[in-house]
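Some notes on the structure that comes next.
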Amino acid sequence: MSYLIRQTSPADPAVRLVCFPHAGGSASFFRSWSRHLPPTVELLSVQYPGRESRFSETLIPSMAPLSSAVAQQLLTLAPVRTVLFGHSMGAAVAYETLLRLEDAGAAHFTRLCVSGRSLTGAPGKAVRTDEEVIEAVRSLGGTNGLVFDDPDLRDMLLPIIRNDYQLIDTYRRSEDAPILRAGIIAMTGDKDPQVAPREAEEWSTTTIGSFSLSVFDGDHFYLVSAAERVARLAVAP
């Protein structure tokens, strides 16, 4: 099954934007971005197993197989200048995917946008109870807390969110990871409880390419209200 959901299909794209969702998120989170991008941008979003069109598939609770699978599919696409954008957990998945793409010799992946995540990430718990998972999600504002009051929705969402928290809680960036060639744009909200601007700036140490930091007004999910500005910044020349 494809990891890549095509949101726009220009005949001759000038740039491709590939978006990686947050923990518990899905490809549809980025569907509205098609309204904010120039018609020459091909917008793809990553669909992790176990949700939406891939609901019946087995969840993946660790970083290496997930990022490797996405990288393999991206390498099958025509070589258009490509930007990877990841939010929160998705930033780490996008980063690990790019490491694999550059290791494979692909040079058309020219930019990584890391949103709502520090370089090392917040220390994670080895095991989280259902209530701890729900509280963590509510504290960040990414999912309407009312969905957890519905037993059916709770039963459907909890395994997905718990899987993703296990993935990101157990993930550690390798200290000897290669330095990226692609440029990096780090983005965060000025009220994000997880990522202060000075922490987001640490991403500058992971590339020999260009680096910039953009701080938006808002919390961990600042990009919901700032979608147009974030999308356009990601693909700016």
Side-chain angles (χ1 to χ4, degrees), residues 1-7 16-31 43-77 82-106 109 111-128 133 136-137 140 142-143 156-178 180 182 184 194 203 206 220 223 234:
M1 190 72 174
S2 177
Y3 279 83
L4 304 174
I5 303 297
R6 193 174 302 276
Q7 307 291 1
R16 177 181 295 134
L17 175 60
V18 183
C19 297
F20 294 69
H22 53 281
S26 56
S28 62
F29 182 80
F30 296 102
R31 184 182 298 143
L43 175 62
L44 305 178
S45 48
V46 175
Q47 190 73 285
Y48 308 134
R51 58 212 82 193
E52 293 186 337
S53 60
R54 306 187 68 186
F55 183 76
S56 62
E57 296 182 48
T58 303
L59 297 162
I60 298 179
S62 55
M63 179 66 77
L66 179 60
S67 54
S68 294
V70 178
Q72 288 171 10
Q73 291 200 0
L74 286 172
L75 288 170
T76 68
L77 302 180
T82 301
V83 176
L84 304 186
F85 177 98
H87 179 65
S88 198
M89 181 190 85
V93 182
Y95 167 72
E96 289 291 333
T97 299
L98 184 54
L99 285 175
R100 288 156 173 77
L101 293 167
E102 291 199 351
D103 183 61
F109 296 88
R111 178 179 294 163
L112 171 65
C113 298
V114 286
S115 166
R117 181 169 174 85
S118 64
L119 178 58
T120 55
K125 296 184 177 183
V127 178
R128 292 179 188 248
V133 169
V137 173
L140 296 176
T143 300
M156 181 179 69
L157 289 174
L158 264 178
I160 297 170
I161 299 172
R162 191 187 302 109
N163 172 87
D164 292 357
Y165 269 81
Q166 179 180 341
L167 185 152
I168 204 61
D169 284 347
T170 56
Y171 166 69
R172 296 293 181 272
R173 174 180 172 270
S174 174
E175 293 183 359
D176 59 355
L180 295 171
I184 294 179
Q194 287 195 343
W203 283 99
T206 65
H220 191 64
L223 71 170

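Fair warning: this is a prediction, and the values are worked out from it, not measured in the lab. Sequence positions, counted from 1, serve as the residue numbers for this chain.
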Are any non-hydrogen side-chain atoms of [X] and [Y] less than 4.5 angstrom apart?
X    : Y    : result
P49  : I60  : yes
L180 : L112 : yes
M63  : L167 : yes
V46  : F85  : no
Q47  : L4   : no
S45  : R31  : no
L44  : I5   : no
F29  : L223 : yes

What distance do [X] atom [atom1] and [Y] atom [atom2] have between them, rounded to the nearest 0.5 Å?
X    : Y    : atom1 : atom2 : result
Y171 : S67  : OH    : OG    : 8.0 Å
Y165 : L158 : OH    : CG    : 11.0 Å
L43  : Q7   : CG    : CD    : 5.5 Å
I161 : L59  : CD1   : CG    : 11.0 Å
W203 : T120 : CH2   : OG1   : 9.0 Å

**OP:** Decide whether Y95 and R117 meet the rule of one side-chain donor and one side-chain acceptor closer than 3.5 Å.
**Re:**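 Side chains of Y95 and R117: no pair found under 3.5 Å.
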
Subject >> Under 3.5 Å side-chain donor-acceptor pair for Q72 and Y3 >> reply: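 Not at all, the side chains of Q72 and Y3 share no donor-acceptor pair under 3.5 Å.
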
Could you tell me which non-hydrogen atom of [X] sits nearest to which non-hydrogen atom of [Y], and how far apart they are?
X    : Y    : answer
A106 : L75  : CB-CD2, 3.9 Å
V83  : C113 : CG1-SG, 3.9 Å
M156 : I160 : O-CD1, 3.7 Å
M1   : S53  : CE-O, 3.8 Å
A23  : M89  : N-CB, 3.7 Å
C19  : L17  : SG-CG, 3.9 Å

Can you check whether [Y]'s main-chain N or O pairs, donor with acceptor, with [X]'s side chain at less than 3.5 Å?
X    : Y    : value
R100 : E96  : yes
S118 : G121 : yes
E102 : A182 : yes
Y48  : P21  : yes
R111 : A234 : yes

**OP:** Apply side chain to side chain contact (heavy atoms under 4.5 Å, CB included) to the pair V18 and F109, showing each step before the final yes or no.
**Re:** CA-CA 10 Å; V18 183; F109 296 88; 5.8 Å; no

**OP:** Not counting sequence neighbours, list each pair that qualifies as a salt bridge (charged side-chain N to carboxylate O under 4.0 Å, His left out) and has a residue in residues 57-72.
**Re:**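 Applying salt bridge (charged side-chain N to carboxylate O under 4.0 Å, His left out) to every pair that reaches into residues 57-72, excluding sequence neighbours, yields R54-E57.
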
Subject >> Test log, rule side chain to side chain contact (heavy atoms under 4.5 Å, CB included), inputs L84 and L74 >> reply: CA-CA 11 Å; L84 304 186; L74 286 172; 4.2 Å; yes

Original post:
Between R51 and D164, is the closest basic N to carboxylate O distance under 4.0 Å?
Top reply: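 A salt bridge links D164 with R51.
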
Original post:
Between H22 and H220, does the ring centroid distance fall short of 6.0 Å?
Top reply: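 No; H220 has its ring centre 6.0 Å or more from that of H22.
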
